[in-house]
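First the structure, in the form of structure tokens, and then the observations on it.
Just so you know, ligand 1 is whichever comes first in the structure, and atom 1 is the first atom listed for that ligand. The figures here come from the full heavy-atom set of this structure, side chains too, leaving out hydrogens, waters and symmetry mates. Given the structure is predicted, the values throughout are model-derived calculations rather than measurements.
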Amino acid sequence: MTPFILPASRLNALVALLHSDGLAVHGPVVRDGVVAIAPLPDASALPHGWTVRQEPGTWRLERRDDAAVFGFTHGAESWKKLLHPARVRLWSAERTEDGFTVTEAPDPPAPYALFGVRACDLRAMAAQDKVLGHGPYVDGVYAGRRAGAVVIAADCAEPAGTCFCASMGSGPAATDGYDIALTELDAGDPAAHRFVLRTGTDTGRALAARLELAEATPADLAAVADIEAGARAHMGRKLDRVAARALLATHRESPHWDNVAERCLTCANCTMVCPTCFCTTIEDTSDLSGDHAERWRQWESCFTFVFSHVVGGPAREARGARYRHWISHKLSTWHEQFGDDGCVGCGRCISWCPVGIDITAEIAALEQASPSPGGAR
Ligand code: SF4
Ligand code: SF4
């Protein structure tokens, strides 16, 4: 199907359609100095005229000299904030004369419209779909929140210094997993500012039909191809994912893990911001009377002691062992579990690591280290 042209002045018509369909529209907004994912009342709430500078341990919001709507890269939050919440109550119970009355988790919210999803995050959602939404152990909380979600993707034109989605085969342009994908053109010219809109599903095609848009021209499509090529050329980082997978398998023991341990604070930031990390723990609480109890689920991290605690203590006591476990899962053992990489190259773990530990640099350093005994027990 030929893509369409959505003038920038009509972007809000798309947001309004999603609202009129009863969807809970969420998108990126500038709030408290960062790009957050929040309810999106209309298109004016999007981060018009902002960009983001990202380096290891650095994330800074800066003004652009044009009116680009999607001229920024992602913040710490990903869409798992909505689909796989950081903390959720699974049930509560009240003591009664006959025992207990149990109230299950509240119903999921209205179906979401996720507006402005980047290609790396589309792939991350596909990874979480596989882990939490399909197979023999479907997570009811995730499945309920993912059901009926309408996805509006936005291609990246200017990757951050920490991005490496091209290396992971997940970006910079959206290829699947969206209902509608937008590529922004000519943000510096108010008269020409527009989006090339392509559709990926019947839902997307129905939305596009209601907007009654003109078809994109060959010149528009050539401009889209140039945007993608430019983004690939300016990708901040690279990683050879095939070599990394083999390297991690042969370097389970290496002095390099002790080197990482000297820097890593085991703060767990990298796992909290990662859009594919899915681990959780359970917390049961009761009030002092013993009449009311609740079960909560919250994100957990393989960097904490309790995560791998078994009789006798944590299975991975050394800091280097915890980093090795995390990076090995992302780039190597995820394949054995789920048949793909567990990393989509979004670079969040690099930007939000307080000491600037960089997953791509650690793989490069590991390549130089010997696979000899020592490190990370
Ligand atoms: S790698 Fe960085 S973000 Fe991750 S636990 Fe270590 S210090 Fe924290
Ligand atoms: S491991 Fe880092 S770069 Fe890869 S998906 Fe997670 S946060 Fe993004």
Side-chain angles (χ1 to χ4, degrees), residues 52 54-59 73-81 84 117-131 156 159-172 235-241 244-245 248 256-279 299-308 314 316 318-335 338 340-366 376:
V52 171
Q54 300 196 53
E55 297 299 337
T58 299
W59 192 101
T73 45
H74 47 59
E77 292 182 345
S78 67
W79 306 91
K80 87 174 179 181
K81 168 185 175 176
H84 181 46
V117 183
R118 304 301 188 163
C120 58
D121 283 342
L122 288 175
R123 193 61 60 86
M125 284 163 53
Q128 292 216 322
D129 284 350
K130 198 180 266 191
V131 176
C156 277
T162 46
C163 292
F164 57 102
C165 62
S167 294
M168 302 311 291
S170 58
M235 199 59 55
R237 278 166 161 68
K238 286 184 181 165
L239 188 145
D240 183 338
R241 58 180 167 147
R245 189 178 166 196
L248 288 162
H256 183 67
W257 303 122
D258 285 340
N259 176 290
V260 176
E262 286 172 13
R263 293 170 283 138
C264 177
L265 309 173
T266 65
C267 67
N269 267 15
C270 47
T271 49
M272 298 296 110
V273 297
C274 179
T276 67
C277 276
F278 55 81
C279 288
W299 290 350
E300 178 57 287
S301 168
C302 50
F303 281 90
T304 68
F305 267 131
V306 293
F307 181 84
S308 67
R316 287 179 288 277
R319 273 181 288 169
R322 280 176 266 163
Y323 186 83
R324 177 188 62 192
H325 172 79
W326 175 76
I327 194 173
S328 298
H329 195 210
K330 290 290 155 193
L331 297 171
S332 182
T333 53
W334 197 289
H335 276 266
F338 306 115
D340 204 347
D341 291 298
C343 170
V344 298
C346 72
R348 286 184 177 91
C349 57
I350 305 172
S351 302
W352 295 94
C353 173
V355 292
I357 292 176
D358 173 349
I359 186 171
T360 66
E362 296 311 321
I363 290 296
L366 197 60

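- Side-chain atoms of T276 never come within 3.5 Å of backbone atoms of A127 as a donor-acceptor pair (strictly under, hydrogens ignored).
- H84 places a side-chain N or O within donor-acceptor distance of the main-chain N or O of F278, the cut-off being under 3.5 Å.
- Residue C346 has at least one heavy-atom neighbour below 4.0 Å for each of these atoms of ligand 2: 3 (S), 5 (S), 7 (S), 8 (Fe).
- Of the candidates A261, S301, C270, G57, C270 brings a heavy atom nearest to atom 3 (S) of ligand 1.
- Checking A268, C302, C267 against atom 8 (Fe) of ligand 1, the nearest heavy atom belongs to C267.
- Set against the non-hydrogen atoms of K330, the atoms of ligand 2 under 4.0 Å away are 1 (S).
- If you check which protein heavy atom lies closest to atom 2 (Fe) of ligand 1, you get C353 SG, 2.3 Å.
- In summary, no N, O or S atom of C343 is located under 2.8 Å from atom 6 (Fe) of ligand 2.
- Near F303, meaning under 4.0 Å from any of its heavy atoms, are these atoms of ligand 1: 5 (S).
- Neither side chain, D340 nor H335, offers a donor N or O lying under 3.5 Å from an acceptor on the other.
- Across K81, K80, H74, a single residue satisfies side chain to side chain donor-acceptor pair (under 3.5 Å) together with E77, and that is K81.
- The contact set between ligand 2 and C274, taken as ligand atoms under 4.0 Å from a residue heavy atom, comprises 5 (S), 6 (Fe), 7 (S).
- The closest approach between a heavy atom of V344 and any atom of ligand 2 is below 4.0 Å.
- Ring pair H329/H325 is parallel by interplanar angle, where below 30° counts as parallel and above 60° as perpendicular.
- Those atoms of ligand 1 with a heavy atom of T266 less than 4.0 angstrom away are 5 (S), 6 (Fe).
- At least one N, O or S atom of C349, from either the backbone or the side chain, sits less than 2.8 Å from atom 2 (Fe) of ligand 2.
- Shown in contact with F164 at under 4.0 Å from a heavy atom are these atoms of ligand 2, numbered in order with element: 3 (S).
- Minimum heavy-atom separation, R237 to P56: NH2-CG, 3.3 Å.
- Considering only non-hydrogen protein atoms, atom 6 (Fe) of ligand 1 sits nearest to C264 SG, 2.4 Å.
- Taking each heavy atom of F307 and S301 in turn, the nearest pair found is CB-O, 3.2 Å.
- Closest non-hydrogen pair, C165 versus M235, comes out as SG-CE, 3.6 Å.
- Checked options C274, C353, C270, P275; the residue passing with R348 is P275 (criterion: side chain to side chain contact (heavy atoms under 4.5 Å, CB included)).
- The nearest heavy-atom contact from the protein to atom 7 (S) of ligand 1 is L265 N, 3.2 Å.
- The atoms of ligand 2 that sit less than 4.0 Å from any heavy atom of G347 are 3 (S), 8 (Fe).
- Here is the list of ligand 2 atoms found below 4.0 Å of a heavy atom in W326: 1 (S).
- Here the side chain of R319 pairs a donor or acceptor atom with the backbone of C264 at under 3.5 angstrom.
- Closest non-hydrogen pair, K238 versus S167, comes out as CA-OG, 3.3 Å.
- Residue contacts with ligand 2, taken as heavy atom pairs separated by less than 4.0 Å, do not involve W334 at all.
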